[in-house]
Amino acid sequence: MTTPPTDNPLADLPPSYRPAKEEPAILERWLAGDAYQAQASDAGDPYAICIPPPNVTAPLHLGHALNNTLQDILTRHARMSGKNAVWLPGTDHAGIATQTVVEKRVLAEEGKRRTDFERDAFVGKIQAWKDEYEATITDQLKQMGCSCDWDRQAFTMDNARAKAVREAFFQLFKDGLIYRGKRLVNWDPVTQTALADDEVESKDVDGNFYYLNYPVCDAEGHPTGDHVTVATTRPETMLGDTAVAVNPKDEPRAKYIGQYVKLPICDRVIPILGDDYVVIPDPDSDDSKARMASGFLKVTPAHDTNDYEIGQRHDLTIINVMAPDASISIDHGWPPEEKSGENPTLAPFIGLTREAARKAIVRWFKEQDLLAEVKPYRHAVGHSYRSHAAIEPYYSDQWYLKVTDDKLAGAALRALDASQREASDHPALSPGSAGESAASDSNTTGLTFTPPRYAKTFQTWHENIRDWCISRQLWWGHRIPVWTGIGSEHEEQIDLWEAEGKVAKLKQSFSAGAQSWDGETDSSGNLIRLMICVASDQPSIEQWLENNGFQQDPDVLDTWFSSALWPMSTLGWPERTPELDLWNPTSVLCTAREIITLWVSRMVMFNLYFLGRLPFRDVFIHAMIQDGHGQKMSKSLGNGVDPMDIIHSHGADAMRFTLASMTTQTQDVRMPVDMVDPHSGETFTPKFITASGGVKVAAPTQERNGKSMVSSYGLASGEVKPSDDQPLARNTSEKFELGQRFATKLWNATRFALSNLAEAEPDAVVSSLSLADKWILSKTVRAIEHADKTLKAYDFHNYAGGLYEFVWNEVCDWYIESVKPVIKTPEGAKSRQVLATVLDVSLRLLHPVMPFVTERLWSGLNAVCPQRGVLGLDPDECDELVGGNWPAADRALIDLEAEEVFPRVQHVVGMIREVRAGAKVPPREVVDFSLHMEDAEAERVRPNLHLVEALTNTKMVAVGPDIPKPEGAAVVTGPAGIGYLHVQIDTAEEAERLNKRKAELEKSLKTLDGRLSNEKYTSKAPSHLVQQTRDQRAAAAAELDEVEKQLAEL
RNA sequence: GGGUGAUUAGCUCAGUUGGCUAGAGCGACUCGUUUACACCGAGUAGGUCACAGGUUCGAGUCCUGUAUCACCCACCA
């Protein structure tokens, strides 16, 4: 036992906790001390988490704060538990999102468009943006206390990650899983790029069904005088119609099959064909389509995915009628034979936007008396998740990854743990399929979602997966490492390199044909297109290719391609690093549900494909942070609150604790926000438009002339920090006070303990403990077990809640209050040791969620009482809690007797307090108290009556089986006996109180009697429950007797 | 159109395999500054667990249906 410091140990532990003052110094110490660093060694079981890399588009918001708090809790817990734990930080270049943000800024500040710059120059601007926000994000994470290994910070587009992307692409290309395809993509006409299916959001919009009459004609175009009526929501696409379809089973209309119509405006003669896809009209149908349908479907293969498929079935011409900006154009796939002749009817429509063209075409049909009808119709339309523009199905050349291959989607499906997999007839899961033999391979199976329901999202997505369009017409991203040339004269040299593994080749022969429209194939005969994928580190080959007429593909990869490699690339893949073998598979992926398909599933596919093992086995899907209107908090909606706001106002620990305690398995978390106008400083609540499809934000920035907003962080810290079109909102929720109060409580409990521990030495040899000591040690062991159990189950709400309950109620309200009378005395030495130990354990248990305040208090505890622990609970010593061990307790400390007796004391205390409060006895007045109870019970409770005295400010004057009731005393009834509080009471109030208790007991008795008189209950219910009911009934009856007796005596 | 989740005190939410006399925090009310803490302590009030059926000795919990809200998926005739 060291000598306590002579100076006042509390001098540097001020009366209240000021997180803003304490946290920065602690953070600096951790960072300087390399507290988060991990080495790829065999020191402890490996534990690794990859951060879901935040986009570098904007600062983090509370959704990220939640996500990262949970990861930090897990990482710190693992580290304290002796694991070799690493948390790998990094950011995502977020291709389209970042480019869009920068394009907007450049347009606003310089009045220039992207195309006004050279590619490299513009990428440089995006790079600068990335540098700025990466720094901001990193700083935010550090201040939140995230214990990432900062030496390993990665970026999805840095050199190491670029190498991984390059290698992955090359391997997939070589294996024949990457191909060039010409088909309909989801085209965003604003950003002018293709989008993956997942990047398309559907929204309900109010539109119309237009019924257009097409004149029927013969094969030569001579009108028969008849007409058919097609129904469409998109009249403007009629310019690209190449057929009209009818369901062959549609009796009255099937007769038109084989005839032709003359397409208005274009005068194109197109066939009427039969296809099952067409819905047969039925005005009484439940299906709205059947109610709206005319039976004739216009077929526009270039502008509708269904029509495209019909076109494939019937070998129809594909006529694209739009330019990439979705204006009507005859230059992007219009049939040459129609183009050659001037068409004065068509001319006025050329160049119109699709919206204008729709109106113009409808007007034209009306003028020609060909518009049969217009009906309003509400339907879903795909929109770009980035620009929010309506998606145009667009026929173009793109790169695809064949994720439908069994080695990708099939392997991912088989990876799902059998306990979470639903019965399926998917070929990958059928008995005897390729992967069935691997079913027992622990490397490739056992993927488990928490909560389990999300496994279904994963499974369904993989079962219905389509090939992944991986090319994007952007500048910000990983350039596709493929060089293309026409002709075959260089094939020999390329084959040589291919044999050496330096390049891979894709050969496509094609002919100039009617279906092409992009001008590439205007010569006659078959052509050879060579697409050469070059492996990484082959600059001379790239140079050679360019010297010989090959051109690198201008497109970049979908941002999720590099994200999908994250658990590998952050650990050094494609190099076979020690880190890779140690920490991949990682331990858990902790993310929100929105990216299960975009990200989780692709990591699973890639890790399985390239390394033959899962990237992680556990996937924890946590709640979403929403604003006060139930909308998810996101950058694009502008309702994101900067975590720095909360850190400044409440402290990082308070934020973390509150977020963790709100993380339940089902509920999303609502955090009301206000917006702050940076110019006026006014606070306003964002407006919302309620549509039947959901609540949508009227984006505040757009309403304010596109002027930038600032976060309240900027305002709070006195510096205005514009965040462009990604404004941050201000938190108005009081929820964070929960964590703040708790940190303060812990702080003050520690101050109390330290002040006492400093004055007298604890007794390191702990034996013959008091009831309170035994009870709190027992509860401490249970708290440790509860924390372990809940963290293992990713049950953060109960982890935080359990510790809150333990520290506040059990330690502070009961234990500390119980030992106060003795804590300063020589007899209190044992309690001092117990208190120090309990505090030690509390700080350790709380450290993962509240690292700062626990670290701060830890140094105080070390200074005052360096030797802590009792037999069975003897934690290690350490200077810094960040490097401390997780407590382990001997279950022998669980004291069932103490756990039974102490609650009796608590009950008596509760009853006395109730009476005192009811009788308005001044709290400072010590009153006499006597307790009438049976001998056996009295003997049990008697040694602990001083606790009752201390906790109720009473003096125990008599205990035993024959204690008479003093005249006028208040009566306290309870399971331990009957107590008499020696105060003069108001008879009426006493009667009221007793009558109330009587009513409660009678009600309870009625319930219990009802249960016991039910023979089916007594015979069928488990015997211990029946016994419990009997005991309850007996106790209630006895107390009721007593209450009635006391009432009678009043 | 399909799927998932939610509906419990004024508010925000817990409630594990059915055993509940339904809990917590905030807010409300009463009392209290005895040297850890007023960001505190003691106490009180407040709920036919969305609705309607069903299973069961027993339903907040399981089943069926209805209503409302949110989210995800789906090829926009």
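Chain letters run A, B, ... following the sequence lines, proteins first, then strands; residues in each count from 1. Computation of the quantities below employed the complete heavy-atom set of this structure, encompassing side-chain atoms and omitting hydrogens, waters and symmetry-equivalent molecules.
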What N/O pairs connect the protein and nucleotides 16-21 of chain B at under 3.5 Å? Give each pair on its own line.
| from | atom 1 | to | atom 2 | distance (Å) |
| --- | --- | --- | --- | --- |
| B:U21 | OP1 | A:Arg1011 | NH2 | 2.8 |
| B:U21 | OP2 | A:Arg1011 | NH2 | 3.2 |

Side chains of A:Val921 and A:Val927, heavy atoms from C-beta outward: is any pair under 4.5 Å? yes
Could you tell me whether the side chain of A:Asn748 reaches within less than 4.5 Å of the side chain of A:Tyr17, counting heavy atoms only? no
Say we look at B:G10 and B:C73: how far apart would their C1' atoms be, to the nearest angstrom? 38 Å
Expressed as a whole number of Å, how far does the C1' atom of B:A45 sit from that of B:A52? 32 Å
For the side chain of [X], starting at C-beta, report the closest nucleotide among [options].
X: A:Trp808; options: B:A36, B:A14, B:G41; answer: B:G41
X: A:Arg453; options: B:U4, B:C37, B:C39; answer: B:U4
X: A:Thr744; options: B:G43, B:C39, B:C37; answer: B:C39
X: A:Arg924; options: B:U34, B:C37, B:A42; answer: B:U34
X: A:Lys745; options: B:G41, B:U12, B:A14; answer: B:G41
X: A:Asp813; options: B:C39, B:C76, B:A42; answer: B:A42
X: A:His797; options: B:A14, B:G43, B:U4; answer: B:A14

Salt bridge present between A:Glu355 and A:Arg358 (N-O < 4.0 angstrom): no
Distance below 4.0 Å between A:Lys456 side-chain N/O and B:U4 OP1 or OP2: yes
May I ask you to verify if any side-chain N or O of A:Thr233 is less than 4.0 angstrom from the OP1 or OP2 atom of B:C76? no
Quick one: does A:Glu817 reach the base of B:A36 with a side-chain donor-acceptor pair under 3.5 Å? yes
Which part of the nucleic acid does A:Thr305 contact within heavy-atom distance under 4.0 Å: base, sugar-phosphate only, or nothing? sugar-phosphate
